[in-house]
Structure formats: structure tokens, C-alpha cells
Amino acid sequence: MIFDYVAYLVLALLVAGFLASAIRVLREYERGVVFTLGRFTGVKGPGLIILVPFVQQMVRVDLRVIVQDVPTQDVISRDNVSVKVNAVIYFRIVDPERAIIKVEHFMAATSQLAQTTLRSVLGKHELDEMLAERDRLNADIQQILDQQTDAWGIKVANVEIKHVDLNESMVRAIAKQAEAERLRRAKVINAAGEQQAAEKLVEAGKLLAAEPRAMQLRYFAALHDIASERSSTIVFPLPVDLLSRISEAVERQTVTPPAAGSQDDVHTAEVSSLGAKRA
């Protein structure tokens with residue numbers, strides 16, 4: 001009897017061990033790559049999977065999106081600026097068979113490929129492009145990685161550059177460049193404003209010159225503005241053309257002296273003769 005119980009117990013243990021090694025349960029996001037005597041026989045799952053113990057082996061593959069951090073890389077840009085760049089890559093397995101058979105460790109292979117691609121792509125661009133055109137650089141890196149990992153059954157969904165670290169001297173140089181650019185824009189805007197103001201003044205001068213009464217109205221408007229400020233200063237407008245005529249008359253008198261025997265001399269002689277008669 002004791003030997004019968006022992007035999008039944010051994011048989012039960014064998015059956016339990018057989019079932020434990022033969023039955024596999026795969027989740028919805030998992031697939032199983034099955035090998036029979038070392039040869040690939042198919043991809044199974046999800047759900048309940050039954051394997052032949054010691055004959056078949058299964059490798060689990062996760063089909064969810066994998067987020068992998070690309071370590072910081074030292075990159076020299078096309079304009080010879082040394083920067084440190086790190087990124088993050090999003091990818092997933094679309095073909096479990098190729099991901100297991102075509103490459104030894106797809107995670108390590110994808111990480112190394114992302115590092116080298118990041119250095120090679122960013123090294124072809126200048127520093128300003130790295131800082132201002134990240135979307136285009138991300139798209140270029142993602143396209144290159146996707147083409148190279150397609151043979152491994154991996155789909156690269158997205159690549160994002162996280163940080164572009166610069167040394168302190170380069171940060172100061174960029175700050176000086178930005179300040180100079182702002183000053184240049186301010187000067188250009190100021191010059192454009194002066195040009196527009198000059199054009200409007202010329203137009204206003206032409207309109208005022210066409211009608212002299214308009215200038216008088218401007219004088220009255222200026223006097224009204226001065227009077228409204230309650231100032232003790234009194235301003236009388238003087239036409240500019242009057243000043244020009246006075247200056248021309250003064251120049252004419254200084255250039256042309258009075259001739260001998262002129263009216264002034266006759267007048268002086270008459271005055272002297274009258275004085276002599278009265279004496």
C-alpha cells in the first residue's frame with residue numbers, strides 16, 4: 001500500500017511538472033516565438049499556449065511601445081561648436097520573429113544605433129539649427145532609425161531631442177549675439193519711423209504751400225496750444241519768407257555802396273545851404 005501511494009504521488013508530481021512546463025499564458029500585449037528542437041515553428045498568442053516539454057521552447061516578446069533614453073553624447077557641430085546632447089526614442093516591435101532571430105539583443109542594438117545616428121545627424125548641422133529647428137532634426141533621426149531597424153522588425157515611432165547643453169563661454173557669446181540683434185532691430189525700426197515721418201512732413205509741406213491761408217491757421221492752432229498750457233511766454237509767429245526778404249535786402253545794401261552824387265548827397269547839400277541862409 002505504501003508503495004502504491006508513493007507511486008501515485010510521484011505520478012501526480014510528474015503530471016504537475018509536465019503541465020507547469022507545457023502550459024503558458026500570454027497577455028494581450030505579448031507574443032510567443034516558439035522553437036521546436038531549435039527551429040522556428042511560429043508565433044503564438046495571446047491566450048493559452050501548450051508546449052511540448054523538452055522539445056519546444058518559447059521566447060516572450062512585448063509588443064508595447066518602449067521608451068528608451070539615449071545617453072548624453074558629445075557632438076561637434078558643423079561650425080565647430082562642442083555641445084552635449086541627449087534624446088529619447090520611442091519604438092515598438094511589429095514582427096516578433098525578426099526581432100528575436102535577426103538580432104541578438106534588440107534593445108541594446110537599438111540603443112547603440114540611436115547614439116551613433118544622433119551624433120552623425122547633429123554633426124552635419126550648425127548650432128543655430130540645433131536650437132531652432134529641433135522638429136526637423138527629430139524627423140531626420142527618426143527616419144534614419146526607422147529605415148535601419150526595419151530589418152529587425154522594429155518600428156521607430158518618434159525621436160525627441162531633450163537637452164542641448166552648452167558651456168558657459170558659448171552661452172555668453174549667444175547672449176551677446178542676441179543683444180546685438182535686438183539693437184540692430186531697434187535701429188532699423190527707428191530709421192523706418194524717421195523715414196515715414198519725413199515723408200509725411202513733405203506731404204504736409206506741399207499741402208500748406210498750395211494754400212497760404214492754411215499756414216495762418218497752423219499759426220493760430222499753435223498759439224491756441226501755447227495759451228492752453230498757461231505759460232507766461234508769448235510767441236508771435238513770423239513768416240519765414242519775410243525773414244528771407246529782409247536778409248536779401250541787407251545783403252544787397254552791404255554789397256552795393258551808395259554812388260557819388262546820389263539823392264543822399266543832394267539832400268545833405270540842401271540841408272547845409274538852408275542852414276547857411278538862416279545864419
Side-chain angles (χ1 to χ4, degrees), residues 17-77 82-125 129-130 133-165:
F18 176 82
L19 293 177
S21 61
I23 297 176
R24 297 287 187 275
V25 177
L26 298 179
R27 298 181 180 89
E28 183 66 29
Y29 56 84
E30 291 179 333
R31 297 294 183 272
V33 181
V34 180
F35 297 90
T36 302
L37 296 177
R39 297 184 63 86
F40 171 74
T41 55
V43 178
K44 297 183 179 180
L48 181 64
I49 306 298
I50 298 177
L51 303 175
V52 179
F54 308 108
V55 176
Q56 291 182 326
Q57 294 84 30
M58 185 186 70
V59 180
R60 293 176 180 264
V61 178
D62 196 332
L63 300 184
R64 292 178 294 182
V65 175
I66 301 173
V67 182
Q68 190 174 70
D69 188 18
V70 180
T72 302
Q73 303 295 312
D74 292 328
V75 179
I76 299 177
S77 63
S82 178
V83 296
K84 295 182 180 295
V85 183
N86 63 342
V88 61
I89 178 174
Y90 300 86
F91 65 95
R92 61 186 180 89
I93 298 175
V94 295
D95 191 343
E97 175 187 354
R98 289 187 291 174
I100 298 300
I101 297 175
K102 297 296 183 180
V103 62
E104 182 179 3
H105 300 291
F106 64 88
M107 291 284 291
T110 305
S111 177
Q112 294 296 325
L113 182 60
Q115 295 177 34
T116 56
T117 304
L118 181 66
R119 288 195 299 267
S120 63
V121 172
L122 296 183
K124 299 177 182 178
H125 297 79
E129 296 177 354
M130 295 184 193
E133 300 180 3
R134 289 193 179 185
D135 293 338
R136 183 169 64 87
L137 296 179
N138 293 336
D140 293 342
I141 298 172
Q142 185 267 336
Q143 182 179 4
I144 294 173
L145 287 177
D146 192 26
Q147 292 177 355
Q148 295 184 0
T149 58
D150 183 65
W152 303 340
I154 295 175
K155 172 65 177 178
V156 178
N158 194 11
V159 177
E160 293 290 339
I161 298 175
K162 294 197 299 184
H163 298 291
V164 179
D165 297 330

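Hydrogens, waters and symmetry mates are skipped; everything else that's a heavy atom, side chains included, is used.
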**Item:** Under the salt bridge (Lys or Arg N to Asp or Glu O under 4.0 Å) test, residues paired with Lys84 that sit two or more places apart
**Value:**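 Partners of Lys84 by the salt bridge (Lys or Arg N to Asp or Glu O under 4.0 Å) criterion, ordered by chain and then number, come out as Asp74.
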**Message:** Test of understanding: with salt bridge (Lys or Arg N to Asp or Glu O under 4.0 Å), list the residues that count as partners of Asp62, not counting sequence neighbours.
**Reply:**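 Expected list: Arg64.
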**Asked** In this structure, are over 12 heavy atoms from other groups packed under 6.0 Å from Arg27 atom CZ?
**Response**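 Open.
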**Request:** Determine whether more than 12 heavy atoms belonging to other residues, nucleotides or ligands lie under 6.0 Å from atom CD1 of Ile23.
**Result:**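 Atom CD1 in Ile23 is crowded, with more than 12 foreign heavy atoms closer than 6.0 Å.
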Name the atoms and distances for all side-chain donor-acceptor pairs under 3.5 Å in residues 37-52, with sequence neighbours left out.
residue, atom, partner, partner atom, Å
Thr41, OG1, Val34, O, 3.2
Thr41, OG1, Thr36, OG1, 3.3

Ignoring hydrogens, what is the shortest heavy-atom contact between [X] and [Y]? Give both atom names and the distance.
X	Y	value
Ile89	Ala114	CD1-CB, 4.3 Å
Gly32	Leu26	N-CD1, 3.4 Å
Gln148	Leu113	OE1-CD1, 2.6 Å
Val164	Val83	CG1-CB, 4.3 Å

Within the 4.5 Å heavy-atom criterion, are [X] and [Y] side-chain neighbours or not?
X	Y	value
Asp146	Gln142	yes
Val61	Tyr29	no
Arg92	Leu63	no

**Message:** Nearest 0.5 angstrom please: Gln147 CD to Thr117 OG1, how far?
**Reply:**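 Result: 10.5 Å between the selected atoms.
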**Prompt:** Between NE2 of His105 and OG1 of Thr110, what distance do you get to the nearest 0.5 Å?
**Reply:**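 Atom-to-atom, His105:NE2 and Thr110:OG1 are 12.5 Å apart.
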**side chain to side chain contact (heavy atoms under 4.5 Å, CB included) between Phe91 and Gln68, intermediate numbers included** = CA-CA 8 Å; Phe91 65 95; Gln68 190 174 70; 4.0 Å; yes
**Message:** Phe106 vs Thr149, test: side chain to side chain contact (heavy atoms under 4.5 Å, CB included). Steps then yes/no.
**Reply:** CA-CA 9 Å; Phe106 64 88; Thr149 58; over 6 Å; no
Okay, side chain of [X], backbone of [Y]: is any donor-acceptor separation there less than 3.5 Å?
X	Y	answer
Asn138	Arg134	yes
Arg98	Asp150	yes
Asn86	Pro71	no

**Message:** Taking side chain to side chain contact (heavy atoms under 4.5 Å, CB included) as the criterion, tell me which of Lys162, Glu160, Gln115 meets it with Val70.
**Reply:**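 Single pass found, and it is Gln115.
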**Request:** Run through Met130, Lys124, His125, Glu129 and flag the one making a side chain to side chain contact (heavy atoms under 4.5 Å, CB included) with Ser77.
**Result:**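 For Ser77, the side chain to side chain contact (heavy atoms under 4.5 Å, CB included) test succeeds with only one of Met130, Lys124, His125, Glu129, which is Met130.
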**Request:** Applying side chain to side chain contact (heavy atoms under 4.5 Å, CB included), run through Trp152 and Val94 and close with a yes or a no.
**Result:** CA-CA 9 Å; Trp152 303 340; Val94 295; over 6 Å; no
**Item:** Chi angles and distances behind the side chain to side chain contact (heavy atoms under 4.5 Å, CB included) call for Thr72, Val85
**Value:** CA-CA 5 Å; Thr72 302; Val85 183; over 6 Å; no
